[in-house]
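Lettering of chains follows the sequences in order, A, B, ..., and the numbering in each one begins at 1. This one's a predicted model, so the numbers in the text were calculated from it and none came from an experiment.
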Amino acid sequence: MRLELPDGKILALADGATGTDAAAAIGPGLARAALAVKVDGEVRDLARPLPPSPNGQPSRLEVITNRSGDDALELIRHDTAHVLAEAVLELYPGVKISIGPPIEGGFYYDFEFPNGVVINDEDFPAIEARMREHIDADEPFVRQDVPVSEALERFAAEDQDYKVELIEDLIRNADPAHPLETVSLYTNGRFTDLCRGPHSPSTKRIKVFKLQSVAGAYWRGDSSRQMLTRVYGTAFFSQADLEEYLENLERARANDHRKLGPQLGLFTFSDVSPGAAFWLPRGTEVFNELVALSREMGRPRGYEEVKTPQIYDSSLWVTSGHWDKYRDNMFVTEYEGRQMAIKPMNCPGHCQLYSMQRHSYRDLPVRYWEPGLLHRREPGGVLHGLLRVRHFAQDDAHIFCTEEQIQDEVAGVLDFAFATYEIFGLDVRLELSTRPEQRIGADELWDRSEAALQRALEAQGLDYVVHEGDGAFYGPKIDMHMTDSLGRSWQLGTCQLDYNFPERFHLVYTGADNAEHQPVLIHRALMGSYERFIGILLEHFGGELPLWLAPVQAIVLPIADRHLDYAESVLTRLTDARLRAEVDARGESVSKQVRDAELRKIPYLLVVGDRELQDDQVSLRQHGQGDRGTVAVDDVISQLGRQVNRRSRA
RNA sequence: GCCGACGUAGCUCAGCUGGUAGAGCACUUCACUCGUAAUGAAGGGGUCCCCGGUUCGAGUCCGGGCGUCGGCUCCA
């Protein structure tokens, strides 16, 4: 067989040659360092025969070593997961093992511990020590392809119910034309696991590893099933790499908005209202700037601001379908014998508002925008700083349009979204979510809606992934996602196409034919919730918000008390120019004032002393950039003003 | 909601095996009036998350609740 190496050379080997043979043929050093081979993109064990190339062309072959980056890390992390299971089985007799894949940054393994056994991170040292023994023992990973019946018997005999279930599912899900005959098992030491592979040659290839945390995780991700104990860990080829990884994690934690927010005096939380932020004056400034941005950008795009009630009769929620599907997640109240609910979303209110007017086709699209306050009864376990709250405001709009206008409107929403994200330099990922199992409306309407959204995405040549079944109960949607400081993904914007609410609310417009027609509804939010958006922004900027958004844009630092009057006069001029500024009047040393202002990440520090006072100047210092020299007060004001007006990011 | 951990001053944390609470920062006052990342001294400040229990005695042990954190499930 012929193989093409990364440098373009062609390697000829006998048929049936293994990955080991290939590595050895290239060089003895490589053979020693080899962990696996990658053939036409598929990572395979060294010991396995290389697959015949599909079309007579040479297969592309790459030998994976510890310098192969993620491919190599994934291998040893998967190896480490096996060693973890091996150690846990020995230390906790009766434990049932389920699955243990490599993941971004590490691996996990899920266990069911025997009754009454609870483990936590205090148990890690003992488990790690046992793992270390197996690694030092240099146990080879041996692959065996065995008949399914044999595998089933084996795991049933060991009471490994989860493995039995996995094999049974593999059998069930196999292509009927090619029923499953064998499954692969990997053995290292006395431990054998059902596993697709691949693995490195032996446990000795794991250099450094660390168990990180335990967590609960449902078997097969199904909340109606057994909760297992998941142990997370990671592995690297060197101690230095591990340490760098841990330091990065630590740094990311410093950028956590839950830390930055209170630190910068933006918001806090209190037990008296879990899941709802208390916005301090500085945070409220930031919040209001974002609302102003939405308003300012929406106006020329034809959005009209409206205000709708917070609390509605349950009949409205029955009409919208929320009463059936989401009542448990709404705050319900009652007075004067009427059942009421606080709005968890704005759409029913906007539909109600639309329905109370007459609309001509000439008026469409109607675009109602409202930075509406919403409350959702989120279960306690899901709350997360500003990113998942019970009380929040959305930059929510509802577009009522004709079917012919859908393409343009969705395109307009996407343009608006990208224009917004561009201001902050945010990269978003697009997801198209299609009809969920629990839904309202005819399938034919869903067909049209999904197709329309897909066309809009493709017309603009945008990259997106499809999430089957993740749509809203009333329509499919395009979601825009961002990642937080710890790599978790959060939805910001959404654009949802809905034929259902217009029908349920009997929405109409008068067409050119003087007959009544039903409009289509587009739900959209771009920042998502202002709360979540601020959380993401704080992490994105590491707390160093751009000048236009900074809660305090400039602080005047008097060198001595005799400069206080001058400092105050500079402050007045800054404030008159609509800049958010302060004077540090504490009488501390300049060094101390500078330090504190830098820690508060205030963009500009204006130091004033005898020299500046004389010439109507300030000594300008920019956050993180140091001294910028002496500048006339008027120049500072106009310079900052320009920067604010441009909403520049620098 | 589920699994695990945690909950001490505004913040960050210390408080060993139960004997009635401590530091740094912040804050107040006084002195210093200072030229770009911490001037010094003194002082005020705590239902040790809440409710029960064990005990002569609970911040510390036990049970329940609430909240937070890490995950899982969910997220209109």
Side-chain angles (χ1 to χ4, degrees), chain A residues 108 110 112-113 118-123 212-232 253 256 258-259 262-263 265 268-275 317 320-322 324-330 343-348 374 376-385 387-389 394 436 438-440 470-475 477 479 486 488 490-491 494 496 498 501 523 532 557-564 586-599 605-612 619-624 626-628 630:
Chain A
Y108 66 78
D110 284 349
E112 183 188 329
F113 283 88
V118 170
I119 72 152
N120 57 46
D121 47 8
E122 286 171 25
D123 301 304
Q212 293 173 288
S213 59
V214 294
Y218 296 107
W219 168 233
R220 311 221 114 176
D222 182 344
S223 61
S224 68
R225 304 200 59 181
Q226 179 72 33
M227 173 144 294
L228 305 174
T229 302
R230 176 169 296 179
V231 178
Y232 284 96
R253 268 186 254 276
D256 191 317
R258 290 168 297 185
K259 225 176 145 83
Q263 224 169 59
T268 52
F269 286 91
S270 159
D271 290 0
V272 299
S273 189
W317 305 111
S320 68
H322 286 91
D324 266 1
K325 303 230 184 288
Y326 285 102
R327 190 197 327 197
D328 287 347
N329 298 306
M330 290 197 279
K343 67 179 173 187
M345 52 186 340
N346 296 299
C347 8
L374 307 177
R376 296 182 182 177
R377 251 178 66 166
E378 303 286 8
V382 308
L383 299 178
H384 186 100
L387 302 184
R388 187 81 180 267
V389 285
Q394 263 188 346
Q438 273 219 352
R439 60 176 181 266
I440 55 178
D470 268 356
F473 74 90
Y474 46 72
K477 55 182 185 166
D479 285 335
L486 291 175
R488 295 172 290 215
W490 298 90
Q491 181 195 315
T494 186
Q496 313 178 351
D498 176 10
F501 278 14
H523 308 242
R532 178 176 289 183
L557 310 180
I559 283 172
D561 285 353
R562 66 177 177 282
H563 309 121
L564 252 178
R586 294 174 303 170
E588 295 285 354
S589 70
V590 183
S591 290
K592 172 72 166 159
Q593 296 185 62
V594 166
R595 174 183 156 80
D596 289 347
E598 289 282 356
L599 287 175
L605 321 191
L606 282 48
V607 180
V608 295
D610 291 332
R611 297 203 291 271
E612 290 77 13
S619 167
L620 193 63
R621 180 182 165 119
Q622 197 173 350
H623 173 67
D627 203 335
R628 306 309 292 264
T630 306

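A:K592 is linked by a salt bridge (Lys or Arg N to Asp or Glu O under 4.0 Å) to A:D596, counting only residues two or more places apart in sequence or in another chain. Checked against salt bridge (Lys or Arg N to Asp or Glu O under 4.0 Å), A:E588 has no partners two or more places apart in sequence or in another chain.
Nucleotide B:G63: paired with B:C51 (Watson-Crick or G-U wobble, both distances less than 3.5 Å). With both pairing distances under 3.5 Å, B:G44 is matched to nothing as a Watson-Crick or G-U wobble pair. Shown here, B:U33 forms no base pair; nothing in the strands shown gives a Watson-Crick or G-U wobble contact with both key distances under 3.5 Å. When both distances must be under 3.5 Å, the Watson-Crick or G-U wobble mate of B:G57 does not exist. For B:G70, the paired base is B:C3 (Watson-Crick or G-U wobble, both distances below 3.5 Å). Applying the Watson-Crick and G-U wobble criteria (two distances, each under 3.5 Å), B:C13 pairs with B:G22.
A:K325 NZ: more than 12 foreign heavy atoms inside a 6.0 Å radius.
Rounded to an integer number of Å, the gap from A:L557 CG to B:G35 C1' is 11 Å. Computed from coordinates, the A:R586 CZ to B:A31 P distance equals 19 Å when rounded to whole Å. Taking atom CG on A:D123 and atom C1' on B:C3, their separation rounds to 15 Å, with Å as the unit. Between the CZ atom of A:F113 and the P atom of B:G4 there is a distance of 12 Å, given to the nearest Å. The separation between A:L564 atom CG and B:C34 atom P is 13 Å, rounded to whole Å. Atom-to-atom, OH of A:Y108 to C1' of B:G4 comes out at 17 Å; the value is rounded to the nearest Å. The interatomic distance linking A:R611 (CZ) with B:U33 (P) rounds to 19 Å, in whole Å. With rounding to whole Å, A:Q622 atom CD is found 16 Å from B:A37 atom C1'.
Within the 4.0 angstrom heavy-atom criterion, base atoms lie near A:E612. Here A:L228 lies out of heavy-atom contact (under 4.0 Å) with every strand. Looking at heavy-atom distances under 4.0 Å, A:S591 makes contact with sugar-phosphate atoms alone, never a base. Here A:D610 lies in heavy-atom contact (under 4.0 Å) with a base.
Of the C1' atoms belonging to B:U60 and B:G15, the separation is 9 Å, rounded to the nearest Å. Taking atom C1' in both B:U29 and B:C13, one finds a spacing of 27 Å when rounded to whole Å. B:G44 and B:C27: their C1' atoms are spaced 9 Å apart (whole Å). Comparing the P positions of B:C34 and B:U20 gives an interatomic distance of 49 Å, to the nearest angstrom. Between B:G22 and B:C32, the distance separating the two P atoms is 33 Å to the nearest Å. Here, B:G43 and B:C25 have their P atoms 15 Å apart, quoted to the whole Å. Taking atom P on both nucleotides, B:A5 is separated from B:C61 by 13 Å, rounded to a whole Å. Across B:C72 and B:U12, the matching C1' atoms stand 31 Å from one another, rounded to whole Å.
Across every non-hydrogen atom of A:P274 and A:D271, the tightest pair is CD-O, 3.2 Å. Residues A:G624 and A:E598 share a closest heavy-atom pair of N-OE1, 3.3 Å.
Within the structure, a side-chain polar atom (N or O) of A:R562 is placed less than 4.0 Å from OP1 or OP2 of B:C34. For A:N120 and B:G4, the shortest distance from a side-chain N or O to OP1 or OP2 is not below 4.0 Å.
A distance-only check finds no donor-acceptor pair linking the side chain of A:R532 to the backbone of A:R388 [under 3.5 Å].
By the 4.0 Å N-to-carboxylate-O rule, A:D110 lies close enough to A:R230 to be salt-bridged with it. Ion pairing of A:R562 with A:D610 is present here, as a side-chain N (NZ or NE/NH1/NH2) and a carboxylate O approach within less than 4.0 Å.
With 3.5 Å as the limit, one finds no donor-acceptor pair spanning the side chains of A:Y218 and A:R220.
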Which letter, B, S or -, goes with each nucleotide of nucleotides 60-76 of chain B from 5' to 3', with contact meaning a protein heavy atom under 4.0 Å?
-> -------SSSBBBBBBB
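Nearest-nucleotide positions on RNA chain B place A:D121 closer to the 5' end than the other of A:D596 and A:D121.
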